[in-house]
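To start, the structure under review is shown below, and the notes come after it.
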Amino acid sequence: MTGTDAMTTDRHLYRITGGAPLKGEVPVSGAKNAVTKQMVAALLTEEPVTIANVPRIVEVDLVVGMLRQLGVDVDWTGDHEIRVEAGAIADSGLAERYTGANRIPILMMGPLLHRVREAVIPLPGGCQIGKRPIDYHLDALRQMGAEVTEQPTAVHVKTTGLVGAHITLAFPSVGATENIVLAAVLARGTTVIHNAAVEPEIIDTILMLQKMGALIEVQTDRRIVIEGVRRLTGTTHSAITDRVEAASFAAAAVATGGSLEVIGARQADLTGLINTLHRIGGGFAETSRGLTFYRARDLTATSFRTDVHPGLLTDWQQPLVLLLTQAAGTSVVHETIYEDRFGYTLQLREMGARIELSTACLGGDACRFANRDHAHSAVISGPTPLSGRELEIPDLRAGFAFVLAALVADGTSTISGTRYLERGYEDPVSRLTAMGGQVDTVPVG
Ligand code: EPU
């Protein structure tokens with residue numbers, strides 16, 4: 001199956017029988033949201049860039065396909081190592097089949113503008129978690145000297161040369177920050193991003209760019225200053241481990257009453273998660289290879305809001321919500337990154353969870369979704385037993401929460417929409433089975 005087929009078709013369903021605690025050890029993959037951007041950064045040089053710790057996931061396959069379509073040489077040089085050599089760029093347009101694929105093509109605008117002066121980029125489209133516009137991306141490129149023409153399913157950009165600019169983001173967007181950095185490293189003059197996002201995956205990509213010869217300073221007040229250089233060189237880089245995957249396994253250990261050594265998990269990237277798990281009743285210990293997570297006591301309710309880094313990551317919200325269905329008392333979760341990221345809870349309710357959604361900003365300060373009629377707060381009452389049923393995954397992160405729900409539920413669940421989960425998790429079935437989960441696959445049809 002190609003990367004694009006895997007966007008629309010499940011390879012199989014999962015059948016999961018709940019009740020077994022997850023135990024043992026599990027290696028964490030490299031971070032999807034760092035690696036895929038680093039593959040794009042490799043377009044900024046004609047020399048080879050080798051990236052290690054690359055997860056074997058559909059999302060990476062998709063980016064490999066996109067780069068190859070542009071005429072770039074991409075080879076797997078190891079199980080988890082990839083070499084990208086953009087000696088020449090044969091095509092400045094990405095094929096229409098990538099419309100709605102993911103957020104990666106929009107990050108190619110800057111590199112393609114530097115290399116071939118113009119690009120046609122298919123639009124990412126909205127998705128199950130919110131509208132996800134790209135206005136910050138396009139405004140920033142305009143400020144840097146790109147001519148941007150928006151078409152119904154694509155955006156056409158061209159330039160006679162990108163120049164540095166002072167850009168203030170209305171919200172610290174991860175993708176827009178990355179887009180500006182990738183456009184600014186080879187632009188003429190200095191670019192300052194005010195109100196930039198500083199997620200660990202962005203910093204990791206900046207570290208790679210520094211090895212390529214870029215001049216980038218990350219300042220303490222959400223300011224990133226990029227001094228354009230004339231050229232960048234090849235490099236080798238090992239991507240950081242995936243803090244979303246690490247958190248997923250940590251939540252799985254606590255939810256199932258087990259204990260898992262998550263090999264490669266880094267405490268520094270997980271401090272907010274660890275604090276939240278601690279409040280709920282999860283414990284952790286550092287090992288020579290990573291972190292062990294376990295259930296320390298009976299689970300109790302807690303409240304939190306998701307936020308930009310260093311706040312709690314929105315991609316941790318779903319496994320934590322599932323955990324809170326098993327905790328005694330009332331928890332409040334306020335999602336402040338995406339306006340519509342609780343849709344998946346309807347299926348958890350059908351399993352027995354007690355979750356009420358609210359359009360109000362519950363549990364603390366108002367966020368930018370206040371008074372806008374988005375159901376972005378959740379009140380969870382627990383503990384509630386869950387019962388196995390048919391589930392359909394709507395998006396990647398909800399996918400792991402469903403797997404977790406099935407692992408703690410009484411009886412057996414059959415899960416479809418596994419293509420979403422497999423975009424971001426390498427080999428989930430064998431890894432869950434190795435941890436003691438009763439999980440197998442069922443052919444589709
Ligand atoms: N936004 C705008 N206009 C823009 C850009 C963003 O209004 O031009 C808004 C979005 O609609 C959203 C908020 O700003 O409400 C934050 O979006 P951001 O740009 O930070 O997110 P992203 O770059 O599209 C990345 C990850 C997401 C992760 C978020 C937040 C990738 C490929 N995706 O998305 O990861 O949730 O940052 O950390 O890096 C996932 O891995 O499953 C995933 C969804």
Side-chain angles (χ1 to χ4, degrees), residues 14 16-35 52-57 78-81 200-201 204 238-299 312-313 315-320 322-324 326-327 396-397 399-408 421-422 424-440:
Y14 300 158
I16 301 182
T17 302
L22 296 195
K23 290 193 170 142
E25 57 181 54
V26 57
V28 183
S29 303
K32 162 179 93 71
N33 291 346
V35 166
N53 209 18
V54 177
R56 288 284 191 160
I57 52 174
D79 264 359
H80 291 99
E81 187 184 276
E201 294 77 18
D204 194 51
S238 184
I240 53 166
T241 50
D242 198 309
R243 66 194 168 112
V244 187
E245 203 185 77
S248 307
F249 294 137
V254 180
T256 62
S259 171
L260 283 174
E261 183 184 12
V262 185
I263 300 168
R266 306 192 327 164
Q267 184 185 357
D269 293 339
L270 294 167
T271 49
L273 176 93
I274 291 170
N275 288 340
T276 308
L277 287 179
H278 184 125
R279 292 186 189 108
I280 299 173
F284 88 107
E286 195 173 27
T287 70
S288 58
R289 303 185 296 177
L291 302 172
T292 293
F293 292 92
Y294 55 91
R295 185 183 288 194
R297 57 171 170 81
D298 287 347
L299 305 183
L312 276 190
L313 177 60
D315 300 323
W316 293 337
Q317 182 248 97
Q318 307 75 358
L320 286 173
L322 188 279
L323 196 52
L324 291 173
Q326 304 306 300
L396 167 59
R397 303 305 172 190
F400 198 85
F402 284 4
V403 167
L404 212 45
L407 287 168
V408 300
L421 190 82
E422 293 176 4
Y425 290 82
E426 176 173 328
D427 212 359
V429 174
S430 13
R431 284 198 289 171
L432 289 164
T433 309
M435 292 178 244
Q438 293 183 51
V439 184
D440 54 11

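Note that this is a predicted model, so its numbers are computed, not measured.
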Partner residues of [X] under the salt bridge (Lys or Arg N to Asp or Glu O under 4.0 Å) criterion, sequence neighbours left out:
{"X": "Asp204", "value": "none"}
{"X": "Asp440", "value": "Arg15"}
{"X": "Glu81", "value": "none"}
{"X": "Arg431", "value": "Glu245"}

Of all pairs that satisfy side-chain hydrogen bond (donor to acceptor under 3.5 Å, both in side chains), the ones with a partner from residues 267-286, not counting sequence neighbours | Arg266-Asp269

N/O donor-acceptor pair under 3.5 Å between Arg295 side chain and Ala255 backbone | yes

Any donor-acceptor pair under 3.5 Å from Thr256 side chain to Leu22 backbone | yes

Set of side-chain contact (heavy atoms from CB on, under 4.5 Å) partners for [X], sequence neighbours left out:
{"X": "Ala246", "answer": "Val28, Val262, Ala265, Leu270"}
{"X": "Ser430", "answer": "Asp427"}
{"X": "Ala31", "answer": "Ala34, Glu201, Ile240, Asp242"}
{"X": "Thr292", "answer": "Ser259, Glu261, Thr287, Tyr294"}

With rounding to the nearest 0.5 angstrom, report the [atom1] to [atom2] distance, [X] to [Y].
{"X": "Gln326", "Y": "Leu299", "atom1": "CD", "atom2": "CG", "value": "7.5 Å"}
{"X": "Leu313", "Y": "Arg397", "atom1": "CG", "atom2": "CZ", "value": "8.0 Å"}
{"X": "Gln318", "Y": "Ser248", "atom1": "CD", "atom2": "OG", "value": "8.5 Å"}
{"X": "Leu323", "Y": "Leu404", "atom1": "CG", "atom2": "CG", "value": "7.5 Å"}
{"X": "Leu273", "Y": "Trp316", "atom1": "CG", "atom2": "CH2", "value": "5.0 Å"}
{"X": "Gln438", "Y": "Thr433", "atom1": "CD", "atom2": "OG1", "value": "9.5 Å"}

Which heavy atom of [X] sits nearest a heavy atom of [Y], and at what distance?
{"X": "Ser29", "Y": "Pro55", "value": "CB-CB, 3.9 Å"}
{"X": "Ala251", "Y": "Pro319", "value": "CB-CB, 3.8 Å"}
{"X": "Leu322", "Y": "Ala401", "value": "CG-O, 3.8 Å"}

Hey, mind stepping through Ile263 and Thr241 against side-chain contact (heavy atoms from CB on, under 4.5 Å) and telling me if it holds?
-> CA-CA 10 Å; Ile263 300 168; Thr241 50; over 6 Å; no

All pairs passing salt bridge (charged side-chain N to carboxylate O under 4.0 Å, His left out) where residues 24-35 contributes a residue, at least two apart | Glu25-Arg289

Pairs satisfying salt bridge (charged side-chain N to carboxylate O under 4.0 Å, His left out), at least one member in residues 248-260, at least two apart = none

Do [X] and [Y] have side-chain heavy atoms sitting under 4.5 Å apart?
{"X": "Val439", "Y": "Val403", "result": "no"}
{"X": "Leu320", "Y": "Leu277", "result": "yes"}
{"X": "Ile57", "Y": "Tyr425", "result": "no"}

Would you please name every residue forming a ring-ring contact (aromatic ring centres under 6.0 Å, His included) with Phe402, sequence neighbours left out?
-> none

Using the side-chain contact (heavy atoms from CB on, under 4.5 Å) rule, take Val244 and Asn33 through it: C-alpha gap first, then chi angles, then the decisive distance, then the call.
-> CA-CA 10 Å; Val244 187; Asn33 291 346; 5.5 Å; no

Walk me through it: do Val35 and Asn53 pass the test side-chain contact (heavy atoms from CB on, under 4.5 Å)?
-> CA-CA 8 Å; Val35 166; Asn53 209 18; 5.9 Å; no

